[in-house]
Amino acid sequence: MRTSQSLLIPGQPLLTTAAIPRPDPLQVQIGIKPEECFEAADWALMIGAKPRGPGMERADLLAQNGEIFSVQGRALNEAAHENCKVIVVGNPCNTNALIAMENAPRLRRKNFHALTRLDENRAKCQMAVKAGKFYTSVTRTAIWGNHSTTQVCGRRSL
């Protein structure tokens with residue numbers, strides 16, 4: 001049986017070989033103890049979240065992800081550098097980023113980011129179809145809400 005730690009190791013080479021211009025070598029810490037992983041971290045890339053399973057209610061998903069990102073936020077608060085930049089990828093990423101941020105009051109709020117590109121792409125496609133245009137003609141798009149049916153998109157013109 002594989003341990004949680006062994007399941008994480010395959011992702012490490014992908015992160016360490018990223019083409020990121022830096023004067024010093026990129027150090028990647030992967031593990032299952034958040035306080036150790038975030039020790040003096042300058043960046044925290046939070047790529048995992050619990051996906052919605054068959055028959056799972058949205059409230060159940062939010063409760064489970066809320067628990068995960070509360071723990072992560074507290075660990076960031078205790079261990080990360082005060083200027084640590086936090087990027088949340090796991091959906092609903094804006095909610096997960098907010099939960100982590102609320103649990104890390106020592107870190108600067110402006111340093112928490114949610115990658116909502118999938119939602120932005122979805123919104124652009126919906127607006128393009130409605131306008132009878134091609135996807136690339138939709139620019140300057142903003143989204144509000146979560147990765148769900150409550151999400152709203154907006155733009156100035158097509």
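Computation of the quantities below employed the complete heavy-atom set of this structure, encompassing side-chain atoms and omitting hydrogens, waters and symmetry-equivalent molecules.
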Engineer: Any side-chain heavy atom of Glu35 within less than 4.5 Å of one from Arg74?
Structural biologist: no
Engineer: Hey, does the side chain of Ser137 reach the backbone of Lys133 with a donor-acceptor pair shorter than 3.5 angstrom?
Structural biologist: no
Engineer: Given Pro34, which of Leu76, Ile68, Val71 fulfils the side chain to side chain contact (heavy atoms under 4.5 Å, CB included) condition?
Structural biologist: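 For Pro34, the side chain to side chain contact (heavy atoms under 4.5 Å, CB included) check succeeds only for Val71.
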Engineer: Do Leu62 and Pro92 have side-chain heavy atoms sitting under 4.5 Å apart?
Structural biologist: yes
Engineer: Do Phe69 and Met46 come within less than 4.5 Å of each other through their side chains, counting heavy atoms only?
Structural biologist: yes
Engineer: Show the nearest heavy-atom pair for residues Arg108 and Asn83, with the distance to one decimal.
Structural biologist: CZ-OD1, 3.0 Å
Engineer: Could you check Glu82 against Leu107 for side chain to side chain contact (heavy atoms under 4.5 Å, CB included), going step by step and ending with a plain yes or no?
Structural biologist: CA-CA 5 Å; Glu82 66 182 12; Leu107 277 59; 5.6 Å; no
Engineer: Looking at Met127 and Thr141, what are the two nearest heavy atoms and their distance?
Structural biologist: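 Closest approach of Met127 to Thr141: CE-CG2, 3.4 Å.
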Engineer: With heavy-atom distances below 4.5 Å as the criterion, would you say the side chains of Phe38 and His81 are in contact?
Structural biologist: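 They are not in contact (no side-chain heavy atoms under 4.5 Å apart), so the answer is no.
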Engineer: Looking at Asn77, is its backbone amide N or carbonyl O close enough to the side chain of Arg106 to form a donor-acceptor pair, meaning the two atoms are under 3.5 Å apart?
Structural biologist: yes
Engineer: Checking Asn111 side chain against Val86 main chain: does a donor-acceptor pair fall under 3.5 Å?
Structural biologist: no
Engineer: Using modelled atom types only, decide if a donor and an acceptor are shared between the side chain of Asn65 and the backbone of Ala49 within a distance under 3.5 Å.
Structural biologist: no
Engineer: Below 4.5 Å, heavy atoms only, C-beta onward: do Phe112 and Val88 meet side chain to side chain?
Structural biologist: no
Engineer: Within a strict 4.5 Å, meaning less than it, do heavy atoms of the Gln72 and Glu67 side chains meet?
Structural biologist: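 No, too far: nothing below the 4.5 Å cut-off.
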Engineer: Is the shortest heavy-atom distance from the side chain of Asp42 to the side chain of Cys84 under 4.5 Å?
Structural biologist: no
Engineer: Would a 4.5 Å heavy-atom cut-off, applied to side chains only, mark Lys50 and Met56 as touching?
Structural biologist: yes
